[in-house]
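Values reported hereafter were calculated over all heavy atoms of this structure, with side chains retained and with hydrogens, waters and symmetry mates removed. Predicted, not measured: the structure shown is a model, and the values here were computed from it.
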There are 2 protein chains.
Amino acid sequence: MGYSRAVRSYGQYCSVAKALDIIGDRWTLLIVRELLVQGPCRYTDLRNGLPGVASNLLSSRLKEMEASGLVVKQNAPAPVATTLFSLSERGRDLEPVLTAIGTWGLPMMTSPKSDDVFRSQWFTFVVTNYLHDRLEHEPALDIELRATSDAVHIHVEHGSVVLCRGSAEDPTLTLSGEPSLMMGLLTNQLSLDDARALGLDISGDTNALKRITAGDDEAD
Amino acid sequence: MGYSRAVRSYGQYCSVAKALDIIGDRWTLLIVRELLVQGPCRYTDLRNGLPGVASNLLSSRLKEMEASGLVVKQNAPAPVATTLFSLSERGRDLEPVLTAIGTWGLPMMTSPKSDDVFRSQWFTFVVTNYLHDRLEHEPALDIELRATSDAVHIHVEHGSVVLCRGSAEDPTLTLSGEPSLMMGLLTNQLSLDDARALGLDISGDTNALKRITAGDDEAD
DNA sequence: CGGCATCCTCTTTGATACTG
DNA sequence: CAGTATCAAAGAGGATGCCG
């Protein structure tokens with residue numbers, strides 16, 4: 001029957017420890033990540049965005065996160081008729097934490113390729129934190145990324161750079177291949193030639209990349 | 001004899017997941033916190049700054065953190081003859097992560113007072129992230145904080161605000177009492193009168209506080 | 001003492017299977 | 001689809017022992 005966990009705490013009067021009492025459990029921050037990049041999710045969407053999580057663990061984490069005020073569970077009304085999980089404001093406030101952690105983790109993304117699984121929505125982190133439109137007055141463009149069966153595209157327009165699901169209608173540039181090669185390209189750790197040599201398929205106008213990545217001439 | 005842990009990984013090609021593979025284990029980030037606020041530590045200093053940690057767990061975490069490049073272990077040479085643990089550069093790079101987490105945790109520090117334990121070096125977080133010297137050209141001053149048997153003091157001078165161990169020689173202001181009241185005062189969530197009413201002992205020139213806390217007239 | 005290693009118990013997790 | 005149920009394995013916590 002129902003039970004409730006005794007909320008393990010570090011028992012320290014320190015804001016870091018207090019925060020970790022809430023977000024320090026395994027999988028918790030990755031659930032926040034998924035809700036940040038996907039927006040409100042069904043249980044199955046979450047499970048899909050969190051490969052490796054055990055179903056019972058996801059279920060109990062969501063309950064704990066609801067209890068601690070990170071997550072709001074909505075019984076979707078008439079049309080969808082399914083429950084949706086989304087972040088509360090307090091949960092969204094964790095974005096700077098995810099950004100800091102993700103930034104620290106970036107150097108570990110360069111290794112050739114392990115057998116890690118990948119989901120295309122995870123490009124969101126790099127896109128929102130590392131890319132910006134350097135040519136605001138140029139026409140909009142799209143860069144399609146095909147790393148998994150689910151294509152996504154980077155939409156660049158009026159100074160904003162965002163990741164969108166699905167294929168682009170008329171992409172200026174299309175990249176297909178290993179996610180690590182795209183990641184290297186987007187974070188400027190890999191040159192176009194090197195990425196191509198390592199097997200990335202690049203077709204279209206490569207100036208689109210220069211428009212959004214941090215160039216060597218960044219002097220700001 | 002020697003063994004080695006199978007390094008549990010999320011197995012996801014995502015910089016947040018990769019980072020959490022390294023820093024996501026219980027106690028790891030708190031060990032980083034202690035090494036950040038205390039600097040190079042002996043094993044016993046660490047254990048003292050981490051009330052609640054099991055000795056064997058601290059020991060094995062330190063080994064893992066050494067293996068993953070966060071911590072450097074130095075066999076102190078002749079005089080001290082003890083081993084010192086300190087952060088590598090990669091470990092120090094975690095400071096923005098600690099800051100983001102600690103900032104998120106701040107709202108949870110206001111609760112009256114639980115039976116959490118406290119160490120005076122933990123004031124460092126608030127001091128370095130939330131206080132600044134608004135009157136750079138005024139003479140230096142010290143604010144002594146007596147929350148535990150180990151007094152500390154905030155040293156303000158030439159635009160810098162730092163936390164120092166021990167008593168001040170000639171403090172401009174001295175606060176004694178519950179850490180939560182001092183914390184509320186420093187983060188501007190509690191007025192001087194309220195803090196006094198709640199039992200904080202305040203003696204000296206309270207203008208010293210106004211010099212370093214964010215005032216209501218912040219319009220920057 | 002400082003710096004662990006061992007032993008033991010309890011909780012958390014991971015993998016898989018099953019149900020309304 | 002949205003979870004529960006079950007069970008084995010791993011990790012956490014606490015006490016104590018060892019060794020320079």
query = Can A:Arg26 be said to sit on top of B:Tyr10's aromatic six-ring, NZ or CZ under 6.0 Å from centre and within 45° of the ring axis?
reply = yes

note = When rounded to whole Å, the CG to C1' distance for the pair A:Leu84 and D:dG3 reads 15 Å

For atom CG of A:Asp25 and atom P of C:dT11, their distance in whole Å = 15 Å

request  = Could you please spell out the steps behind the ring pair (Phe, Tyr, Trp, His ring centres under 6.0 Å) verdict for B:Phe123 and B:Tyr130?
outcome  = CA-CA 11 Å; B:Phe123 279 123; B:Tyr130 285 88; over 10 Å; no

query = If you draw the axis of the six-membered ring of B:Tyr13, does the NZ or CZ of A:Arg119 fall within 45° of it and under 6.0 Å from the ring centre?
reply = no

message = The side chain of B:Ala54 is closest to which nucleotide in this list: C:dA5, C:dG3, D:dG14?
response = D:dG14

inquiry  = On the nucleotide D:dG13, are OP1 or OP2 found under 4.0 Å from the side-chain N or O atoms that B:Arg26 carries?
reply    = yes

request  = Check step by step if salt bridge (Lys or Arg N to Asp or Glu O under 4.0 Å) holds for B:Asp25 and B:Arg8.
outcome  = CA-CA 9 Å; B:Asp25 278 335; B:Arg8 191 173 47 167; 3.5 Å; yes

query = Please give, in whole Å, the distance from C:dG20 P to A:Tyr43 OH?
reply = 17 Å

query = Separation of B:Leu57 atom CG from C:dT11 atom C1', in whole Å?
reply = 14 Å

Residue pair A:Tyr43 / A:Ser55, side-chain heavy-atom distance below 4.5 Å = yes

ask   = C:dT13 P sits how many Å from B:Leu20 CG, rounded?
value = 14 Å

query = Should B:Ser59 be listed as having a side-chain N or O under 4.0 Å from OP1 or OP2 of C:dA5?
reply = yes

key: Spacing of A:Leu58 atom CG relative to D:dT4 atom P, expressed in whole Å   = 11 Å

task = Would you indicate what A:Ser55 reaches in the nucleic acid, counting non-hydrogen atoms under 4.0 angstrom: base, sugar-phosphate, or nothing?
result = base

note = Of the candidates D:dG13, D:dG3, D:dG11, the side chain of B:Arg61 sits closest to D:dG11

Position toward the 5' end of DNA chain D (nearest nucleotide), B:Trp27 or A:Lys63 = A:Lys63

key: Separation of atom CD1 in B:Ile31 from atom C1' in D:dA12, rounded to whole Å   = 13 Å

request  = Please report, rounded to the nearest Å, how far the P atom of D:dG3 is from the CG atom of A:Asn48.
outcome  = 16 Å

query = For A:Tyr10 and A:Thr83, take the nucleotide of DNA chain D holding the closest heavy atom to each; which residue's nucleotide lies nearer the 5' end?
reply = A:Thr83

query = Has B:Thr44 got a side-chain N or O lying under 4.0 Å from the OP1 or OP2 atom of C:dG2?
reply = yes

ask   = Taking the nucleotide of DNA chain C with the closest heavy atom to each, which residue, B:Arg47 or B:Asn56, is nearer the 5' end?
value = B:Arg47

